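Step one of this worksheet: look at the structure below.
Hydrogens, waters and symmetry mates play no part in the numbers below; they use all other heavy atoms, side chains included. So you know, we letter chains A, B, ... as the sequences are listed, proteins then strands, and number each from 1. Just so we're clear, the structure is a prediction, and the values are computed from it rather than from any experiment.
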Number of protein chains: 2
Amino acid sequence: MPWEKQFDKAEVLDRALQTFWTRGYEATSMQDLVDCTGVNRASLYATYGDKRAFFLEALRAYDDGRRKMLAEFEKRYQPCEAIRKVFLCFLADVPNQTGGRGCFMTNTALELSAHDAEIRSIVARAQEEVEAFFAAMIKKGKADGSISAHVKPSDGARGLLASLLGFLVLVRSRPNPTLLDGIVDDAIRRLK
Amino acid sequence: MPWEKQFDKAEVLDRALQTFWTRGYEATSMQDLVDCTGVNRASLYATYGDKRAFFLEALRAYDDGRRKMLAEFEKRYQPCEAIRKVFLCFLADVPNQTGGRGCFMTNTALELSAHDAEIRSIVARAQEEVEAFFAAMIKKGKADGSISAHVKPSDGARGLLASLLGFLVLVRSRPNPTLLDGIVDDAIRRLK
DNA sequence: ATTTGTCTTGAATGATCGTTCCAGACTCGC
DNA sequence: GCGAGTCTGGAACGATCATTCAAGACAAAT
C-alpha cells in the first residue's frame, strides 16, 4: 500500500471546525478552509467530500465532544454544579473582548436547520440530549436534597434548556459578563 | 421634476425583509432580492445602496415594527398577557409544517453581530429594549398584584429575555408546539 | 416641442464561489 | 529496480457572486 496521509485527519477536521464555528457555514469559503488547515484543496475534497459533508463531519465531531463533556460533568460534579458547568463552559472565550463564539450547534441551528433536514435532525437530537441531561441532574438533585422536591424534572429541564439557548445567543451577540452571570444564577436558583 | 419611482419603497423593502428573514444574510443573493421584489438590480442599488445597506435598512424597519408592537401590547393588555403575547407572536407561522422563521433580529444576532459592530449595536439595543419592556410589565404587575412581590423587575426581565431568546432558537430549529407552549407557561409561571 | 434630470433596463464587469482535473511525488509489494 | 496505487500541488473549470455601466423611457419645466 502506498503513501499514508501527510496530515492528521482529526486535527485538520478540528481546525476546520474552529473556522466554521467562528464564521458560520455560508460565510466560510473553501479557500478559508484551505488557509486555516494548511492542506491543499484537492486533498480536502478527497478526504472529506464536498463543503457540506465537511461541515457535517465537523458538526458531528463537535457533537461528540459535547456528549463526552456532559458525561464527564455528570461523573465529576454534584447535580447543581454539573448544570452550572454547562453554562460556564461557553464563557471561556468571552473575555477576549471580541466576544464569545457561542455554541457551534446552536449557531448552526439558527443558520441552517430551517432549510436542511439532516442538520435539523442532528440539532434536534443534541438539544434533546442536553434536555435529558438536565432532567437527570434534577432527578439526582432531588434525591440528594440539593434540588427542591417541587421541581418536576421534565419541566425544569425544559426551562433550563430555554435559558441555556438564550444564554448562548447572548454569549455571541452581547457578551456582557454581568448579564451572563445573572442568567446562570437565576436559572439555577429556580431549582432550589 | 422628473418621474417618480415606479415602486413603493417601503413595500419593496418589506419584501426584501421577508427574504432576508427566511434565508439569512449570507444565503440571500442580490438575484434573490431582484426575484422577490420584482425590481431591477440597478434600481435596488440606486434606491438602497449595496447589499449590506439594504439589509441594514430592512433590519431597522423590522426593529421599528417590533417597537410599535411592544407599545401596542403595553396599551392593550394586562402585564402578564402582554408578556405572553411577546412569545406568542412568533408562533404565528409555526403550523406551516416548514417550521417558523423565528425572530429576524435574533437570527441576525447569531449570524452577524459577532463580526459587524454596527449590527451588534442594533441587536444589543433591541435586546435591551425588550428587557426594559419586560421590567416595566413586571413593575406594573407587581403594582396591581398580578405578579409576585418577590420578583425583582430587573432580575425577572433578564430571565424572561433569556427564555425568550431560547424560545426563538427553538421556534426556528425545533418547532414543537408542546415544547414551545411549555416554555412560555413556565416563563410566566415564574412571575406568580 | 425640446430640454432637463431621474428612473429603469438588460447586459457586462471582475472577483470569488465550490468543485475537478492532471501531472508529479511518494511508499509500498514485487 | 519496477510497476501499482494513493496522495499532493497548482492550475483550471463553469457558475454565481456583488456591483456598475450605458442607453432608453418617462414626466415635468421651459
For B:K85, look at atom NZ and say whether over 12 heavy atoms of other residues, nucleotides or ligands are found less than 6.0 Å away.
->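 No, not enclosed.
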Let me know, please, whether B:S43 or A:R41 comes out on the 5' side of the other along DNA chain C by nearest nucleotide.
->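 Its nearest nucleotide lies further toward 5', so the answer is B:S43.
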How many Å lie between [atom1] on [X] and [atom2] on [N], as a whole number?
X: A:D8; N: D:dC7; atom1: CG; atom2: C1'; answer: 16 Å
X: B:D32; N: D:dC17; atom1: CG; atom2: C1'; answer: 11 Å
X: A:K51; N: C:dT16; atom1: NZ; atom2: P; answer: 15 Å
X: B:N40; N: C:dC7; atom1: CG; atom2: P; answer: 14 Å
X: B:F54; N: D:dC17; atom1: CZ; atom2: C1'; answer: 17 Å
X: A:Y25; N: C:dC17; atom1: OH; atom2: C1'; answer: 11 Å
X: B:M30; N: C:dA15; atom1: CE; atom2: P; answer: 20 Å
X: B:Y48; N: D:dA18; atom1: OH; atom2: P; answer: 17 Å

Residue mapping more 5' on DNA chain D - nearest nucleotide basis, B:A42 or B:Y45 =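 First, find each residue's nearest nucleotide; the 5'-ward one identifies B:Y45.
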Checking B:T47 side chain against B:L44 main chain: does a donor-acceptor pair fall under 3.5 Å?
->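 Not confirmed, B:T47 side chain does not pair with B:L44 backbone.
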Name of the residue among A:K68, A:R66, A:R60, A:R67 meeting salt bridge (Lys or Arg N to Asp or Glu O under 4.0 Å) with A:D64 =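 The residue from A:K68, A:R66, A:R60, A:R67 that satisfies salt bridge (Lys or Arg N to Asp or Glu O under 4.0 Å) with A:D64 turns out to be A:R67.
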May I ask you to say what A:F7 touches in the nucleic acid, namely base, sugar-phosphate or nothing, with a heavy-atom cut-off under 4.0 Å?
->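 Sugar-phosphate: the residue A:F7, judged by heavy atoms under 4.0 Å, touches backbone atoms but no base.
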Can you find a side-chain donor-acceptor pair between B:R172 and B:T106 that sits under 3.5 Å?
->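 Judged by distance alone, the side chains do not pair up.
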Candidate nucleotides C:dG18, C:dT9, D:dC17, ranked by approach to the side chain of B:S29 - the nearest =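 For the B:S29 side chain, the nearest candidate turns out to be D:dC17.
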